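A short write-up of the structure that comes next.
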Amino acid sequence: MMRGALIVLEGCDRVGKTTQCVKLIEKIAAENGKSSLLKFPERSSLTGQLINDYLSNKLELSDRVVHLLFSANRWETEAQMKLLLKSGTNLIVDRYAFSGVAYSAAKEGMDIEWCRGPDIGLPRPDLVVFLDLDPRTAASRVGYGEERYEHRRFQEVVRENFLKLKEDNWKV
Ligand code: TMP
């Protein structure tokens, strides 16, 4: 059986990743393909609940601790991802380790190389689609500002970080 493809959509907040992920799932289904949607952070697990409280400003955590939690949140799904890929299911993933690095490294004193460490060894995407949008346009979208990282200047640094992480398997 052919292994499924691992396709990741990345980008800053409110660029439309979730909408495009759903469209991709529908498109694959229309062509009789099998696909499954994953989203990180996965907020329902134990790590996900802590992350959710942190993002909604109900909980304070140190930058390194929250970085490791985001990574652990991905590792919790590793076995399931491998099984699905092996069974021929295409995985469409709404944010992955690139978000982990781009956001954490936008913080004072957080180094890109240190941030990469915890995610080393996770399944490598076949394709990363980076949705690029002017941070001013993103900031004008409904709901912007509700969560911890939704500030214009911060998002600009995150965007610059994403572009530093770009590899051959990326499409912008
Ligand atoms: P979401 O809005 O796509 O659910 O993402 C939640 C926020 O968490 C978003 O501002 C990006 C941020 N984030 C990180 O800081 N590190 C990560 O590893 C991930 C996946 C998201």
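Model, not experiment: these values are computed from the prediction. Atoms within each ligand, like the ligands themselves, are counted from 1 in listed order. Heavy atoms only: backbone and side chains are in, while hydrogens, waters and symmetry mates are out.
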Closest to atom 13 (N) of ligand 1 among F70, Y54, F40 (heavy-atom distance):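 Among F70, Y54, F40, the closest heavy atom to atom 13 (N) of ligand 1 belongs to F70.
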Can you tell me the protein heavy atom closest to atom 9 (C) of ligand 1 and the distance?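 For atom 9 (C) of ligand 1, the nearest protein heavy atom is D13 OD2, 3.3 Å.
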For atom 5 (O) of ligand 1, grab the closest protein heavy atom and report residue, atom and distance to one decimal in Å.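 Sorting protein heavy atoms by distance from atom 5 (O) of ligand 1 puts R95 NE, 3.3 Å first.
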How about H67 and D63: do any of their side-chain heavy atoms sit closer than 4.5 Å?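 Sidechains of D63 and H67: no contact.
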Compare all side-chain heavy atoms of F98 with those of D119 and state whether any distance is below 4.5 angstrom.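 The answer is no; the side chains never approach within 4.5 Å.
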Non-hydrogen atoms of R43 versus ligand 1: any pair closer than 4.0 Å?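 So R43 counts as touching ligand 1.
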So is K39 close enough to ligand 1, meaning a heavy atom under 4.0 angstrom away?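 Under 4.0 Å: yes for K39.
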Sequence neighbours excluded - ring pair (Phe, Tyr, Trp, His ring centres under 6.0 Å) pairs with any residue from residues 144-166: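 Qualifying pairs: Y103-Y149, F130-F162, Y149-F154.
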Atoms of ligand 1 less than 4.0 Å from [X] heavy atoms?
X    : answer
L55  : 6 (C), 7 (C), 8 (O)
R74  : 17 (C), 18 (O), 20 (C)
G100 : 16 (N), 17 (C), 18 (O)

May I ask you to check if ligand 1 and K17 share an N or O to N or O distance below 3.5 Å?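 No.
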Given that the side chain starts at C-beta and the backbone is N, CA, C, O, which of these parts of P41 lies under 4.0 Å from ligand 1, counting heavy atoms, or is it both or neither?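 Both of them.
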E76 and T47: side-chain donor and acceptor closer than 3.5 Å?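 Indeed, the side chains of E76 and T47 share at least one donor-acceptor pair under 3.5 Å.
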Does any donor atom in the side chain of Q49 or S44 lie under 3.5 Å from an acceptor atom in the other side chain?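 Q49 vs S44: no donor-acceptor pair found between side chains.
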Which Ile, Leu, Val, Met, Phe, Trp or Tyr residues join M110 in one cluster when any pair of side-chain heavy atoms under 4.5 Å counts as a link?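 Noted: M110 shares its cluster with L68, W114.
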Within 6.0 Å of NZ in K82, more than 12 heavy atoms from elsewhere: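 No, not enclosed.
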